[in-house]
Asker: 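Attaching a single structure in structure tokens format; questions to follow.
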Amino acid sequence: MNDNAIFGWRSEYPSMHKKLDHSFYQNTDVVEVARHLLGKYLVTDFGGQYCSGVITEVEAYRAPNDKACHAYNNRRTKRTEIMFWPGGVAYVYLCYGIHHLFNVVTGDADMAHAVLIRAVEAQEGLDIMEDRRGVSAQKPQLSAGPGVMSKAMGITTAWTGQSLVEADSPIWIEDRGQVVKEESIGESTRIGVDYAEECALWPWRFFLKESKWVSRFKPPKLKPKMH
DNA sequence: CACGGGATCGTCT
DNA sequence: GACGATCCCGTGT
């Protein structure tokens with residue numbers, strides 16, 4: 001089994017693996033959930049293609065007043081409807097016609113909150129992930145960035161609405177017992193939401209400072225105010 | 001290393 | 001018809 005570069009222990013103790021349940025996802029503070037997701041294990045098992053990775057980077061999105069959130073103003077469309085479901089399902093959408101971005105829906109029903117999973121450090125099923133990406137598992141390029149993370153884990157928009165807590169779900173998240181200290185969490189503004197005006201300045205991106213598996217930060221370019 | 005542009009298509013106006 | 005919660009590659013320094 002792989003050494004864990006961040007926490008310095010091995011992930012071969014199944015008794016410590018605890019699948020996150022409704023009570024975790026239905027926390028109504030999406031920023032807190034986002035921070036708590038750091039260090040957890042994202043696992044997918046599509047037709048026996050088992051792989052996992054430690055979550056190293058996330059962003060919180062929170063309707064109704066977050067202009068960067070697809071459900072801003074509680075706007076309901078066929079696509080965003082998933083975000084209004086009770087916490088514990090996947091919200092996956094296509095970005096730039098190419099990338100499948102994976103989010104975890106949180107909070108109660110009719111609360112359109114979600115956490116975008118932006119990066120993982122691969123732990124198990126490295127060969128599968130390398131095949132999907134055509135990139136060595138030694139390189140952050142494998143899974144640092146929301147589009148490539150989804151590709152490495154095999155997640156596509158076909159899975160939007162999928163429960164993360166049902167016993168037979170092929171996607172879930174586990175707590176494997178490690179503690180992430182507050183001082184090891186970095187924060188910044190969210191990436192790629194320059195259009196969101198003042199919300200583009202909210203520090204709702206969180207990452208593990210020690211990790212190499214974190215996407216490069218791009219500061220927001222704010223549009224000059226006309227007057 | 002910084003920057004710029006093209007790819008590519010579902011979603012919403 | 002416009003525009004992305006991105007990525008990759010090419011150019012120039």
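Just so it is clear: chains get the letters A, B, ... in the order the sequence lines come, proteins before strands, and each one is counted from 1.
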Asker: Pull out every protein N or O sitting under 3.5 Å from an N or O of nucleotides 9-12 of chain C, one pair per line with the distance.
Answerer:
none

Asker: Please report, rounded to the nearest Å, how far the P atom of dA5(C) is from the CD1 atom of I82(A).
Answerer: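 The distance from CD1 of I82(A) to P of dA5(C) comes to 18 Å, rounded to the nearest Å.
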Asker: Show the distances under 3.5 angstrom between N or O atoms of the protein and N or O atoms of nucleotides 3-12 of chain B.
Answerer:
| residue | atom | partner | partner atom | Å |
| --- | --- | --- | --- | --- |
| dT8(B) | O2 | Y96(A) | O | 2.4 |
| dC12(B) | OP1 | T77(A) | OG1 | 2.0 |
| dC12(B) | O3' | R75(A) | NH1 | 3.3 |

Asker: Output the pairing pattern of DNA chain C as a dot-bracket string, 5' first, Watson-Crick or G-U wobble with both distances under 3.5 Å, | for cross-strand pairs, [ ] for crossing pairs.
Answerer: ||||.|||||||.
Asker: With a distance cut-off below 6.0 Å to the six-membered ring centre and an angular limit of 45° from the axis, does R76(A) pair with F84(A) as a cation-pi contact?
Answerer: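 Yes, R76(A) lies over the aromatic ring of F84(A).
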Asker: What is the distance, rounded to the nearest whole Å, between atom NZ of K218(A) and atom P of dC8(C)?
Answerer: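 Nearest whole value for this atom pair: 11 Å.
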Asker: Cut-off 3.5 Å, side chains only: do S143(A) and E121(A) have a donor facing an acceptor?
Answerer: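 No - no donor-acceptor pair under 3.5 Å links their side chains.
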Asker: Ion pair present between E197(A) and K67(A), side-chain N to carboxylate O less than 4.0 angstrom?
Answerer: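 Yes.
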Asker: Starting at CD of E59(A) and ending at C1' of dT6(C), how long is that distance when rounded to a whole Å?
Answerer: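 Value for this atom pair: 12 Å.
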Asker: Looking at F206(A), does the NZ or CZ of R118(A) lie under 6.0 angstrom from its six-membered ring centre and within 45 degrees of the ring axis?
Answerer: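 Judged by the rule (NZ or CZ under 6.0 Å from the ring centre, within 45° of its axis), R118(A) is not positioned above F206(A).
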Asker: Assess whether salt bridge (charged side-chain N to carboxylate O under 4.0 Å, His left out) is satisfied between R205(A) and E187(A), documenting all intermediate values.
Answerer: CA-CA 5 Å; R205(A) 170 175 174 260; E187(A) 50 179 77; over 6 Å; no
Asker: Rest of the hydrophobic cluster containing I191(A) (Ile/Leu/Val/Met/Phe/Trp/Tyr, side-chain heavy atoms under 4.5 Å)?
Answerer: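 So far as hydrophobic clustering goes, I191(A) is joined with F217(A).
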Asker: Output, in order, the C-alpha distance, side-chain angles, deciding distance and verdict of salt bridge (charged side-chain N to carboxylate O under 4.0 Å, His left out) for R62(A) and E32(A).
Answerer: CA-CA 12 Å; R62(A) 189 181 73 191; E32(A) 181 175 276; over 6 Å; no
Asker: For L116(A), report the nucleic acid contact type (base, sugar-phosphate, nothing); a contact means any heavy atom under 4.0 Å.
Answerer: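 Base contact.
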Asker: Sort and list the pairs that fulfil ring-ring contact (aromatic ring centres under 6.0 Å, His included) and have at least one residue in residues 136-193 of chain A, not counting sequence neighbours.
Answerer: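 Those involving residues 136-193 of chain A are F46(A)-W159(A).
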Asker: In whole angstroms, how far is the P atom of dA5(C) from the CE atom of M149(A)?
Answerer: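 That distance rounds to 16 Å.
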Asker: With R75(A), which residues qualify under side chain to side chain contact (heavy atoms under 4.5 Å, CB included), at least two apart?
Answerer: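 If we apply the side chain to side chain contact (heavy atoms under 4.5 Å, CB included) test to R75(A), skipping adjacent residues, the hits are T77(A).
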Asker: Can you tell me how far C1' of dT6(C) sits from CZ of F102(A), to the nearest Å?
Answerer: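 Atom-to-atom, F102(A) to dT6(C), this comes out as 17 Å.
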Asker: How many Å lie between CD on E57(A) and C1' on dA5(C), as a whole number?
Answerer: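 Distance check: E57(A) CD to dA5(C) C1' gives 11 Å.
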Asker: With respect to Y93(A), which candidate in H70(A), H99(A), H100(A) satisfies the ring-ring contact (aromatic ring centres under 6.0 Å, His included) definition?
Answerer: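 Single ring-ring contact (aromatic ring centres under 6.0 Å, His included) partner of Y93(A) among H70(A), H99(A), H100(A): H70(A).
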Asker: Would you kindly give the CG-to-P distance between L142(A) and dC7(C), to the nearest whole Å?
Answerer: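 L142(A) atom CG is separated from dC7(C) atom P by 12 Å.
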Asker: Going through the distances and angles, do D66(A) and W202(A) end up as a side chain to side chain contact (heavy atoms under 4.5 Å, CB included)?
Answerer: CA-CA 9 Å; D66(A) 175 6; W202(A) 295 357; 3.7 Å; yes
